[in-house]
Every structure is written in structure tokens, then in C-alpha cells.
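What follows is a short report on a single structure.
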Amino acid sequence: MLDMKRIRENPDAIREGIKARGQPADLVDELVAFDRDRRTLLTEVERLKNERNTVSLEIGARKKQGEDTSAAQAAMRQLGSRIAALDARVRDLDEQLQAKIIVIPNMPHSSAPVGPGESANVTVRSWGAPREFEFEPKGHTELGEALGILDLARASKMSGAGFPLFVGLGARLERALINFMLDLHVREHDYIEVWPPVLCHSPSMTGTGQLPKLATDMYRLADEDLWLIPTAEVPVTNYFRDEIIEQPLPIYLTAYSVCFRKEAGAAGRETRGIIRVHQFDKVEMVKFVEPGTSCDELESLTRNAEDVLQRLGLVYRVRMLGAGDLSFAAAKCYDLELWAPGKKAWLEVSSCSNFEDFQARRAGIRFRDKKGKVRFVHTLNGSGVALPRLVVAILENGQQADGSVTLPPAIVPYMGGIDRIAPAGGLIR
RNA sequence: GGAAGGGUGGCGGAGCGGUCUAUCGCGCCGGUCUUGAAAACCGGAGUCCCGCAAGGGACCGGGGGUUCGAAUCCCUCCCCUUCCGCCA
């Protein structure tokens, strides 16, 4: 959420920012008009309340003297109904204002390139060289099913299309990767581990910016105000919702969680395999930092995510998103994309974003600066990293001519010493 | 799911119709003293909104009501704690 004062004082800059995202900016003018009306009414009703407070106090004093105050009481009763009417109008304007301001996206950071959609995205660096294959590399679905570690047919029997089912060493690989990533962030990157709820209510979803815009992309329980989280960003960022953080910043939190997404707008895209699924595992990193430091913190957050990929020896590139491709709440974002040689495509496994004070304002997350003044923190988060696509890259990169898959050395200790998955036929341990 | 008790400033905790301008304690900030710190003493400070300012208004879990006037009385919803039931 943007500061209303900022919109009031720089409407042109706000309009520019929204247009850079490729969205219509007419809401800004409505907002400015509503805000002006609200302040006029507010000034008026506050004047009347001051009068009521003063006179009511006098009435009390005069009654003690035994005076007749019925005339004054009648006048105040009338004033009271005027106040009630004005209060109702102010509240109405407040609600409309809130409904409008909550759907205005964050302003793109000045360093984010401008251009429609994905057109302005740029590769800022890349790591590793794609492996040369002496045979035609297979896709992860074929590999996984042949190895008996991925069973999409049975998954759909349980839950319908779009759900992963890992079996045997596939399930173990999933668990090993989660542990590997959490250990890395906790032991070497100074994050504190959190194991959060995967159902969150509307205030939390609004706090991080999933609501109201993404309501149709999320699963919701039928009888309660609870949603299945699309990312651990939601519960972990809301850790400090409506709080003034009393401990020193920055604070780094990391969490594994399962994530749920309807992918409603993605019908027909990536339907085969586990590249786009309704449920997936992810390790998330979240930062709460002082405003002046958030740019640098985004760089180190991104390096933390890259570290996962480098230790696994996977080829990747870092893309800086243009304004047109930024998510609703982000001011700046780097995507990490893994090379998948079977699919011959780059797969997004992490989005590292700086939200500046946009989420903090919605969620009421504040701190005291050096002068003791209460201010909004800046929040950041990034995947560190998302699992299904990571598994895709590991399978496709590690595949051998005989159909087996060699695992990255870094994960072998987490696999109990197993460094290779070979086809065995049937259910195997 | 049932019963009881609670939600007050960063924390603890008073207040139960009008000097509430929300007592007090802890913690916090500044100062005195000290080589430095602690202690002691003195002083300061809740959050949000409107206003150039002076100042004004709102906020005692949320919403509604009663009243000239509500932290205080009434209704309602939410949350927390304890006990019972069920349960991984």
C-alpha cells in the first residue's frame, strides 16, 4: 500500500509508476478527489466534537451546582446526531478510499527497466556452462517415471491433474533438498528457521498483498476465512504484523513450506510434468530491514539463493525484471532461472524481491529508528529455492546414457551416501 | 464441541458514567554524579489522523447501542488462557 500523503503530493509520479507497469492509472485521480473530500469533512466533524466535549464538561459542572441544564442537553443531543451523520460519511469515504488504495500496485524502483510485459527483463549475470551431451537428453517426466521416483498417473488418481507424487528415492531427494537448503541458510547465511502454518486468514493475505488481487489464484476453505498459502512469504512476513519490532534489524527468517496455487490462468501451459503444479515444496527467505539498507539487502538475498544453485553445480542466469513484469507488491525483483537441458528451457526457481515499505504499511510492521521514531520497515523475500523445478534440473542435468541419474555431490550426504539413482523396476526403497 | 475467566500504551498492571489530560511499576531516551559502568537522583516520552502553525480529533480487542458525556453500562463478533470432551 502506498502512503496517501505521497499520492496526494506526487500524483503525476504515481501515475507514471502505474503506467510503467502497463496498467491504467485513472484510480489516482479518484483517490485524490476522495481524499480531499474526506479531509474537508473530517476537519468539520472534529470541530463539532470539540464543541461537544467542551459543553458536556460544562453540563457536568453546572449539574453539580444544581442548575437546570436541559436546554444545553437538548442542543447537544442535536449536535450529536449531526456528528453521527458526518462520522458515517467520513467512514464511508474511508472505506472507499481504502478499497481503492489497496489495489494500487507498488512503484517500480528507479533501477527497474521500463517496458511492457517481459520485454524489458535483462540478464544481469549467469553461472556455469551447459553440459555437452553425447546423447539426446530426456525430459524430467520421462526420466522420473522410468526411474520409479515420480508417479504422475497415480497422483491424478488421488487428486486430479497437476499434483506431484514422489516415491522412494524421489521422495527422499525432496526431503534431502529441503534439509540441505534450510541448513545452508541457517548455518551460513544467518537466517532463523521458522515452521509456519500453511493456512492463513484474510488479514495476513492482505498484509503481504496476495489479497485482494490474487483471490482467484488461491485455494480457500469453504466454511472459514482461511486460505491455503501460495508461498511461505505470507505467514513468515506476517510474523511481525501489527507490531513495533523491538529487536535490532535486520532480521532474517527462513522457512520450508508446501505451497498451493490454482494456476487458473495457466490452463494448457506446462501441463505435463512437475514444472507447473497446484502443490509444491519451497524454502523461502524473508528479511525485515531498515529502509536505507533494502537495496543492498536485495543483492545479498539474491546471492543467498544463488549459493544453493552453485553448490548443486547447476547452470543458471539472473534476470532483473522490467517494470511491466513486476509482481503487484514488488519494487524490484531478480528471477533466478535454471537451465533444463531435456526441456531446453530456462526454469524460474526463485524470485527475489524488495517490497520497500509496501507490505509493511499494509501489515503494520514497524521499528524504532535511532531517534526513537516509529517507522515502517522494508521487507524482502526470495525463494531459496522452489523444489519441483530444482528436481527437474537435477534429473535432466545428471542423466546418463544408461538412464540413471548422477546426483550433485553436495546432496549426497543428505541422501545417506547415495550418489546415483538407477532404474530398478517396481517399488524400491 | 462444552464450561469458566480474560483482552488497557514496548511489557506488567490499576481504573468500573464527568478533575482520565488513562494511576503506578518495569523497560526506554536525555542529564547529574563516576576513570568507565552500575546504583541513586533530576528530566523526557504512547500510537494514528487533520493542520504551515497554534492547536484539534480519534484510539483502552473489533463493530453496534444507551447517554449531554463511555475504558467504565448493554448487545454482538473476534481472539487468548485454564479445565472437560474428541483427536494426530
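By convention in this document, chain letters (A, B, ...) are assigned in the order of the sequence lines, proteins followed by strands, and residues within each chain are numbered from 1.
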Are a donor atom and an acceptor atom from the side chains of A:Asn304 and A:His185 found within less than 3.5 Å of each other? no
Under 3.5 Å, N/O pairs linking protein and nucleotides 69-79 of chain B:
from	atom 1	to	atom 2	distance (Å)
B:rG69	O4'	A:Ser56	OG	3.3

Send over the distance from A:Arg366 CZ to B:rU47 P, rounded to a whole Å. 10 Å
A:Asn121 side chain to A:Gly322 backbone, donor-acceptor under 3.5 Å: yes
When you check the gap from the basic side-chain N to the acidic O, do A:Asp307 and A:Arg311 get nearer than 4.0 Å? yes
Tell me the interatomic distance from A:Lys63, atom NZ, to B:rC68, atom P, rounded to whole angstroms. 8 Å
Ignoring hydrogens and angles, state whether a donor on the side chain of A:Thr231 or A:Lys282 is under 3.5 Å from an acceptor on the partner side chain. yes
Identify, between A:Leu57 and A:Arg8, the residue whose nearest nucleotide on RNA chain B lies closer to the 5' end. A:Leu57
Between B:rC49, B:rA58, B:rC68, which nucleotide has the shortest distance from any of its atoms to the side chain of A:Arg77? B:rC68
Tell me, what's RNA chain B's dot-bracket, Watson-Crick or G-U with both distances under 3.5 Å, | for other-strand, [ ] crossing? ((((((((.[[[..)..(.....]]].(((((.......))))).(((((....))))).[[[[[..)....]]]]])))))))....
Can you check the distance between B:rG85 and B:rC77, where both ends of the measurement are the C1' atom (answer in whole Å)? 25 Å
Is the shortest side-chain N/O distance from A:Asn50 to OP1 or OP2 of B:rG57 below 4.0 Å? yes
Take the protein atom CZ of A:Arg368 and the nucleotide atom C1' of B:rC11, then report the distance between them rounded to whole Å. 12 Å
In whole Å, what is the span from the CZ atom of A:Arg241 to the P atom of B:rG61? 18 Å
Please report the distance separating the C1' of B:rC78 from the corresponding atom of B:rG69, rounded so that it comes out in whole Å. 28 Å
Taking the side chain from A:His278 and the backbone from A:Arg261, do they hold a donor-acceptor pair closer than 3.5 Å? yes
A:Arg39 side-chain N/O to B:rG56 phosphate OP1/OP2 under 4.0 Å: no
Taking the same atom, C1', in B:rG15 and in B:rC73, what whole-Å distance lies between them? 15 Å
Tell me the interatomic distance from A:Arg375, atom CZ, to B:rC48, atom P, rounded to whole angstroms. 12 Å
B:rG62 P sits how many Å from A:Glu95 CD, rounded? 16 Å
What is the nucleic acid contact for A:Arg91, judged by heavy atoms within less than 4.0 Å: base, sugar-phosphate only, or nothing? sugar-phosphate
For A:Leu42 and for A:Arg47, find the nucleotide of RNA chain B with the closest heavy atom, then tell me which residue's nucleotide is more 5'. A:Leu42
For the C1' atoms, the ones on B:rA14 and on B:rA4, what distance do you get once it is rounded to whole angstrom? 24 Å
Roughly how many Å apart are B:rC24 and B:rG9, using the C1' atom of each and rounding to a whole number? 13 Å
Interatomic distance where CD1 belongs to A:Ile244 and P belongs to B:rC28 [whole Å]: 17 Å
Hey, is the main chain of A:Gly139 close enough, under 3.5 Å, to the side chain of A:Glu396 for a donor-acceptor pair? no
Between A:Arg361 and B:rC48, is there a contact of a side-chain N or O with OP1 or OP2 at under 4.0 Å? no
Can you check whether A:Phe328 and A:Phe358 have ring centres sitting under 6.0 Å from each other? yes
From the list B:rC49, B:rC68, B:rG10, which nucleotide is the closest neighbour of the side chain of A:Ile59? B:rC68
Between B:rG51 and B:rA40, how far apart are the P atoms? Round to whole Å, please. 45 Å
When rounded to the nearest Å, what value does the distance between P atoms of B:rC74 and B:rG25 take? 32 Å
Quick one about A:Tyr256 and A:Glu193 (side-chain donor to acceptor, distance below 3.5 Å, no hydrogens or angles considered), yes or no? no
A:Lys287: which of A:Glu297, A:Glu233, A:Glu356, A:Glu299 passes salt bridge (charged side-chain N to carboxylate O under 4.0 Å, His left out): A:Glu297
Taking the minimum atom-to-atom distance to the side chain of A:Lys49, which one of B:rC68, B:rA58, B:rG56 wins? B:rA58
Rounding to an integer number of Å, can you tell me how far A:Leu79 CG sits from B:rC68 P? 12 Å
C1' spacing across the pair B:rC60 / B:rG46, given as an integer number of angstrom: 12 Å
Using 4.0 Å as the upper bound for N to carboxylate O, is an ion pair formed by A:Asp35 and A:Arg8? yes
Among A:Ile245, A:Val377, A:Val374, find the one that has a side chain to side chain contact (heavy atoms under 4.5 Å, CB included) with A:Arg366. A:Val374
